[in-house]
Amino acid sequence: IENILNNFSINTKMEKAPAKEHIDHFTKNGFFILHNFISEADIKLIHSQIAITLNTTLKNIGRDDLISKSNDEKYLFLSKEHPALKSHVYDILGRLDSVQRVFTQSQLLDLCHTLLKTPLVIDAIQIRLDDKSNKRDLPLHQEMGQLSKINMTVWIPLVDIDGACGGLNIIPGSHTRGRVPHRYYP
């Protein structure tokens, strides 16, 4: 098992199209890491639009006093005090134009076309927000809707990632095994 992007850092130098070694690694292992694919300016814009969305939500429920708080604090407040509203906010963040723009940029779409050699179906774009109360430590599993040779997951962290925050575990080569029954590991 490889924990990928365990020490990902945001940087304004972006890599261009995948090199042959990226494509070879993808073919063999089912993933590759393309560091610094989006600009710091795009990441800041996404964070800004998340803040605007949270602020609008808080104003609509009469909690203007929380506007000066961090996005994390606002989100945790909604999670604790208004879980249904928090869920709605969570669902719409992937529809922000800044997020859509990043995930539909020609460089990313060209990369996907190069690797898959098929038309692309963009199924869902979502922003995943975790907090310390959110026990998202999932056992190894397959995303059942993504068991296809014409499907790809693009994972772009919007914050620095280390062993304590974030990360994604992948079993190299598992993309060649088809559906594998789930089992829990001790």
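Each residue takes its place number in the sequence, starting with 1.
Note on D97 versus R101: salt bridge recorded, some NZ/NE/NH1/NH2 to OD/OE distance being below 4.0 Å. A salt bridge does not link K74 with D72: every distance from a Lys NZ or Arg NE/NH1/NH2 to an Asp or Glu carboxylate oxygen is 4.0 Å or more.
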Stepwise salt bridge (Lys or Arg N to Asp or Glu O under 4.0 Å) check, K44 with D42 = CA-CA 5 Å; K44 285 180 180 178; D42 284 336; over 6 Å; no
Can L54 and I67 be said to form a side-chain contact (heavy atoms from CB on, under 4.5 Å), step by step?
-> CA-CA 8 Å; L54 290 168; I67 301 302; over 6 Å; no
Output, in order, the C-alpha distance, side-chain angles, deciding distance and verdict of side-chain contact (heavy atoms from CB on, under 4.5 Å) for I61 and L85.
-> CA-CA 10 Å; I61 60 171; L85 190 54; 3.7 Å; yes
Report the C-alpha distance between L66 and E73 in whole Å, list the side-chain angles of each, state the deciding distance to 0.1 Å, and finish with yes or no for side-chain contact (heavy atoms from CB on, under 4.5 Å).
-> CA-CA 8 Å; L66 298 174; E73 291 170 309; over 6 Å; no
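H88 NE2 to H82 NE2: the interatomic distance, rounded to the nearest 0.5 Å, is 14.0 Å. Here the straight-line distance linking atom CG of N55 with atom OG of S68 works out to 9.0 Å at 0.5 Å rounding. Atoms NZ and CG, on K86 and L78 in that order, are 9.0 Å from each other to the nearest 0.5 Å. Atom CG of residue L120 and atom CG of residue L111 lie 9.5 Å apart, to the nearest 0.5 angstrom. Rounding to the nearest 0.5 Å gives a distance of 9.0 Å between CD1 of I52 and OG of S98. To the nearest 0.5 angstrom, R95 atom CZ is 12.0 Å from T53 atom OG1.
Within the 4.5 Å cutoff, the side chain of Q105 has heavy atoms near those of the I38 side chain. V89 has its side chain out of reach of I50: every pair of non-hydrogen atoms, C-beta onward, lies at least 4.5 Å apart. Using a 4.5 Å cut-off on side-chain heavy atoms (C-beta onward), Q126 and L93 make no contact. Inter-residue side-chain proximity for D24 and K20 is flagged as met; some heavy-atom pair is nearer than 4.5 Å. When side chains are defined from C-beta on, I46 does not count as touching L96, because their heavy atoms never get closer than 4.5 Å. Side-chain contact check for F103 versus L108: some heavy-atom pair is nearer than 4.5 Å. Side-chain contact between E21 and H25 is absent, with no heavy atoms from C-beta onward closer than 4.5 Å.
Under the 4.5 Å side-chain contact rule for hydrophobic residues, L158 and I92 do not share a cluster. There is no path of hydrophobic side-chain contacts, each under 4.5 Å, that joins L45 to I43. In this structure, I23 is a member of the same hydrophobic cluster as L109, with clusters built from ILVMFWY side-chain heavy atoms closer than 4.5 Å.
In this structure, V99 and G94 approach most closely via the heavy-atom pair CG1-O, 3.7 Å. Of all heavy-atom pairs between L58 and F77, the closest is CD2-CD2, 3.7 Å.
Remark: the backbone N or O of T118 is paired with a side-chain donor or acceptor of H113 at under 3.5 angstrom.
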